[in-house]
Amino acid sequence: MTVAPGETRRRADVVVIVGELPRIHHGLVGELAGTVPDLSTVNQRAFFVVGPNGMSVPPLNGGREATRLACGQASLAATLASLRAQYKGRRTSQPVSNFNDFAKALAAARFPVFLFSGHAAEGLALEMLQGLIADLNRNSRASGLHLPANENGWGSTLASAWMTGFPLRTGFARGFPEFDPWRCDVARMIAAGEADLHLRISAATAQPKEKKRRMALIALTKTQEPVAGAAVTIAIGEAGLDHDAVVYSSRTGSLRSTEAQAASQLPSAATIIRLIATHAFAEPLPC
């Protein structure tokens, strides 16, 4: 039920924008509005947007506007729940605006795609969206395209998934990976005083929040000055800028290699972590 960005550009004849999308993906929406899919029977994509009235919508080319699907000021999750219920022919406390236009477009569609991001959709909304897409696939075809708010963050999630079988917030305290998004929430652990050492890795320099008295901070960041409050600061380069890297690309929906735009002598974060591990552990890291 998922689709790649390239397949969306080529085939999507109905595009449904679910919630607010990160600004970095507005260009994709404009590109979709300015091109014609090869499966369309009318030589034009139909655009819908799911969300409360007043929610910002990426601009479409040619002055076009997406048809709003909303339940007044109801939340995104509530609107998706009503949309799913109406599609199944069930009664709702408040109907979704323009539902008949949406149903008509889906009936004629050959390749509808729902664009969404965890940036604005909480867990319940994403669950309702996946349920709606699953319902549509019982009789026809529909797909979802995830557009992450942060490409580096999503790339880290994918790396964690293929190495451990789980996304981030996975712990190894018992010698094997355990996914627990609450227990392994770094911010919660620091606030609760459960951690005595914080290793922060980020290309962007940011002043840490007030830390617990007994917790030491080691900062790996791109900086020329020590990070305030850090016991140790190690300067690192930015992936794709200071050194070659493999990064996630939302445009292709996959990882891609990129050359350094302004190569420098700053080491990569991976190099520093491997050096730390070499001195901290008797056995070398597997990869």
Inset, instruction - Please tell me if the side chains of Val16 and Phe102 come closer than 4.5 Å, counting only heavy atoms from C-beta onward. - result: yes

Legend entry - Beyond-backbone contact of Ser143 with Phe114, side-chain heavy atoms, under 4.5 angstrom: no

Legend entry - Test side chain to side chain contact (heavy atoms under 4.5 Å, CB included) applied to Val57 and Arg68, step by step: CA-CA 10 Å; Val57 182; Arg68 175 81 62 171; 3.7 Å; yes

Inset, instruction - For the pair Thr170 (side chain) and Pro167 (backbone), establish whether a donor and an acceptor sit closer than 3.5 Å, ignoring hydrogens and angles. - result: yes

Inset, instruction - Evaluate the side chain to side chain contact (heavy atoms under 4.5 Å, CB included) criterion for residues Ile201 and Ile273: first the C-alpha distance (whole Å), next the side-chain angles of each, then the deciding distance (0.1 Å), finally the verdict. - result: CA-CA 10 Å; Ile201 305 171; Ile273 294 173; 3.4 Å; yes

Legend entry - Whether Thr92 side chain and Ser82 backbone form a donor-acceptor pair below 3.5 Å: no

Legend entry - Side-chain touch Arg9/Thr35, heavy atoms, less than 4.5 angstrom: no

Legend entry - Nearest-0.5 Å distance, CG of residue Leu32 to CG of residue Leu145: 8.5 Å

Legend entry - Ile234 CD1 to Thr221 OG1 distance, which is reported to the nearest 0.5 Å: 11.5 Å

Inset, instruction - Give the minimum heavy-atom separation between His279 and Leu275, together with the two atoms involved. - result: ND1-O, 2.9 Å

Legend entry - Min side-chain heavy-atom separation Arg11-Pro37 under 4.5 Å: no

Legend entry - Path from Leu199 to Leu197 over hydrophobic side-chain contacts below 4.5 Å: yes

Inset, instruction - Starting at CG of Leu136, measure out to CZ of Arg141 and round the result to the nearest 0.5 Å. - result: 12.5 Å

Inset, instruction - State, to 0.1 Å, how close Ala149 and Ile24 come at their nearest heavy-atom pair, and which atoms those are. - result: O-CD1, 3.7 Å

Inset, instruction - Identify whether the distance between the nearest side-chain nitrogen and carboxylate oxygen of Asp101 and Lys104 falls below 4.0 Å. - result: no

Legend entry - Contact check, side chains of Val14 and Arg45, non-hydrogen atoms, under 4.5 Å: no

Inset, instruction - Indicate the atoms forming the closest heavy-atom contact of Gln94 with Gly72, along with that distance. - result: NE2-N, 3.7 Å

Inset, instruction - Begin with the C-alpha distance, continue with both residues' side-chain angles, and end with the deciding distance and a verdict on side chain to side chain contact (heavy atoms under 4.5 Å, CB included) for Ser250 and His25. - result: CA-CA 8 Å; Ser250 294; His25 301 297; 3.3 Å; yes

Inset, instruction - State, with a plain yes or no, whether a side-chain heavy atom of His198 is found less than 4.5 Å away from one of Met189. - result: no

Legend entry - Leu266 CG to His243 NE2 distance, which is reported to the nearest 0.5 Å: 8.5 Å

Legend entry - side chain to side chain contact (heavy atoms under 4.5 Å, CB included) assessment of Phe111 paired with Val3: CA-CA 10 Å; Phe111 206 99; Val3 67; 4.0 Å; yes

Inset, instruction - Take atom CD of Glu122 as the centre, draw a 6.0 Å sphere, and report whether it contains more than 12 heavy atoms from other residues, nucleotides or ligands. - result: yes

Legend entry - Test item: Asn98 and Phe48 side chains (from C-beta on) under 4.5 Å apart, heavy atoms: no

Inset, instruction - Over 60° means perpendicular and under 30° means parallel, so classify the ring planes of His146 and Phe116, tilted if in between. - result: tilted

Inset, instruction - Indicate, with yes or no, if Phe99 and Leu69 share a hydrophobic cluster defined by side-chain heavy-atom contacts under 4.5 Å among Ile, Leu, Val, Met, Phe, Trp and Tyr. - result: yes

Inset, instruction - Could you tell me which non-hydrogen atom of Ala216 sits nearest to which non-hydrogen atom of Ala231, and how far apart they are? - result: CB-CB, 4.4 Å

Inset, instruction - Any chance you could measure Leu168, atom CG, to Asp185, atom CG, to the nearest 0.5 Å? - result: 11.5 Å

Inset, instruction - First locate atom OG1 of Thr2, then atom CD of Glu7, and finally report the distance between them rounded to the nearest 0.5 Å. - result: 11.0 Å

Inset, instruction - Please say whether more than 12 non-hydrogen atoms of neighbouring residues, nucleotides or ligands are located less than 6.0 Å from CZ in Arg64. - result: yes

Inset, instruction - Would you name the heavy atoms of Arg183 and Arg188 that are closest together and state the gap between them? - result: O-NH2, 3.0 Å

Legend entry - Gln86 side chain to Val96 backbone, donor-acceptor under 3.5 Å: yes

Inset, instruction - Measure the shortest side-chain to side-chain distance between Leu28 and Leu21 over non-hydrogen atoms and say whether it is less than 4.5 angstrom. - result: no

Inset, instruction - Taking all heavy atoms of Ala33 and all of Leu60, pick out the closest pair and write down the distance. - result: CB-CB, 3.9 Å

Legend entry - Leu147 backbone acceptor or donor facing Ser117 side chain under 3.5 Å: yes

